[in-house]
Amino acid sequence: MPLRTAPLPRMAGHLSFMRSVRAKVEDLSSGTLAVIGVPMEGSKNLKSGARFSPLSIRETSVYFGWYANPQFSNPINIDEHEVFDTSSINERLFDLGDIPILGQTKLKAEELINHSIAQIYNRNATSIVLGGDSSIISPVCRGIANGKSAAYIQIGGKTPGTSNTKLDHQSSAPLCSLLASGEVKLEDTCILAPAENPSVEFLKELSGVGAKIFSSSQLKDMNSKEIADLSLSLSKRELPVIVNLDLSSVSSELHGMSEQPIFNGMSLKLLRQVLVALASAPIATLILTGHNPTINGLSVVKTGQRLIVTALVGYLCSRLGLMNDFNSNEN
C-alpha cells in the first residue's frame with residue numbers, strides 16, 4: 001500500500017483539541033497550555049449527556065486545526081486583512097486526553113481530577129478543562145488551591161441561594177461548596193452574566209465584601225480594558241485565578257446546548273471579548289461546563305459548538321500572548 005506524503009485530511013489521525021500535540025504532564029513547562037477532558041456528570045435523569053462534552057468539543061475543534069498543527073497553512077485575520085502567524089501554538093498547546101474516571105466511584109474520580117489538575121498547575125502550565133457538568137468544579141479548584149485559597153470568576157451558571165439573609169451553603173450552586181470548603185472566599189469572587197437573577201440578599205453579601213457581579217447587559221457597556229481589570233485585580237492578590245465558563249451564559253438562540261436556557265445572555269462577540277480580556281491575567285485554569293451535546297436539535301448544537309470553540313481559540317491565543325489586541329477594534 002502506498003504511503004501518503006501529503007498532509008493528512010482534517011478528520012484523520014488521532015483526535016486532539018485543534019489537532020494539537022498529544023502529550024503527558026511531564027512534557028509541560030512554564031508558558032504552555034494543556035487541554036484535559038473530564039467526562040464526568042452527576043446527573044442520571046433524562047437530560048444526562050454532559051460526559052460526552054469533551055469528545056464533542058474535540059471533534060468540533062478539528063475545524064480549527066490550522067491554528068495548532070504546522071501541516072496546515074496559517075489562518076487570515078479577516079478584520080486586519082493579514083496572515084495571522086500561529087506557528088508557535090504547536091509548541092505550546094498540548095492535549096493530555098481525558099482523566100480516566102469511567103467506572104470509578106465519585107470519591108475516587110474526584111481524587112483523580114484533583115491530582116491531575118494539581119500536576120499541571122505545579123508545572124506552571126495553564127489548563128483548559130473540558131467538562132463534564134458542574135460537579136467537576138470543586139475537585140478542579142481543590143487541585144489548584146492545594147489547601148489554600150483561590151480567586152474565582154464565574155461566567156454564567158447558578159448563583160447561591162439565601163436562607164435567613166445568609167448564604168445557603170446547601171444550594172446546588174457550585175460556588176456554595178467552594179465557599180463552604182474555604183477554597184474560595186466571597187471577596188475574591190467575580191460573577192459575570194449569571195443564568196438566573198441573584199437574590200437581593202446575595203447581592204448585599206457581595207457588595208458587603210467588595211465582590212463584583214455584572215449582567216450580560218452591563219458587560220456589553222464595558223470595554224476590554226475594564227473587563228481585563230476584573231481578572232488583573234484578582235491576580236494582584238497573589239491568588240491563582242480560576243475561571244468557570246458555563247454555557248448558560250450564552251444566549252440560548254445561538255446554541256441550544258444548555259439545560260439552563262437564557263435568552264438575554266452573551267453573544268459570541270461579547271463572549272470572545274470577555275474571554276480574551278480575562279486571559280490578559282495569569283489564569284490558572286479555564287473550566288468549561290454546562291455543555292450537553294445530546295440535547296435535541298443537532299444542527300443547532302453543532303453550530304453552537306463551533307461558536308464556543310471560536311471563543312476558546314481567542315482565549316488560548318490571548319493566554320499564550322499571541323493576540324493581546326484581539327479585540328482592540330471592538331473597544
Joint hydrophobic cluster, V184 plus L203, side-chain heavy atoms closer than 4.5 Å:
yes
Closest contact, heavy atoms only, S20 versus F94
OG-C, 4.0 Å
Is there a chain of hydrophobic side chains (I, L, V, M, F, W, Y, each step under 4.5 Å between heavy atoms) that links L234 to L239?
no
Strictly distance-based, threshold 3.5 Å: is any side-chain N or O of D95 a donor or acceptor partner for the main-chain N or O of G97?
yes
Could you tell me whether the side chain of T289 and the main chain of S134 form a donor-acceptor pair under 3.5 Å?
no
Which atom pairs, donor and acceptor, lie under 3.5 Å between side-chain atoms of residues 108-120 and protein residues at least two apart or in another chain?
unit_1, atom_1, unit_2, atom_2, d
E110, OE2, K106, NZ, 2.6
N114, OD1, G143, N, 3.4
S116, OG, L112, O, 2.8

Considering all heavy atoms, the nearest R319-P282 contact
NH2-CA, 2.9 Å
Check whether any side-chain N or O of E41 sits under 3.5 Å from a backbone N or O of G49 as a donor-acceptor pair, and report yes or no.
yes
Which heavy atom of V209 sits nearest a heavy atom of E187, and at what distance?
O-CB, 3.5 Å
Got a second to check how far Q218's CD is from L192's CG, nearest 0.5 Å?
10.0 Å
Among L268, V250, L312, which one satisfies side chain to side chain contact (heavy atoms under 4.5 Å, CB included) with L307?
L268
Residues forming a salt bridge (charged side-chain N to carboxylate O under 4.0 Å, His left out) with R123, sequence neighbours excluded
none
Would you find a donor on one side and an acceptor on the other, under 3.5 Å apart, between the side chain of R272 and the backbone of G314?
no
For the CD atom of Q154 and the CD1 atom of I242, what is their distance to the nearest 0.5 Å?
12.5 Å
On a heavy-atom basis, the closest approach of C190 and L230 is SG-CD1, 4.1 Å
Pairwise side-chain contact, P174 with N244, heavy-atom cut-off 4.5 Å (strictly under)
no
Answer with yes or no whether the hydrophobic clustering places L232 together with I227; edges join I, L, V, M, F, W, Y residues whose side-chain heavy atoms lie under 4.5 Å apart.
no
Would you say that L178 contacts S138 through its side chain, given a criterion of any heavy-atom pair below 4.5 Å between the two side chains?
yes
Electrostatic pair K212-D229, nearest N-O below 4.0 angstrom:
no
Closest non-hydrogen atoms of M266 and V274, given as atom of the first, atom of the second and distance, are SD-CG2, 4.1 Å
Using atom types as modelled and distance alone, determine if a side-chain donor or acceptor of T60 lies under 3.5 Å from a backbone N or O of R306.
no
Taking all non-hydrogen atoms of both residues, which atom of S248 and which atom of G156 are closest, and how far apart?
OG-C, 3.8 Å
N/O donor-acceptor pair under 3.5 Å between S56 side chain and S53 backbone
yes
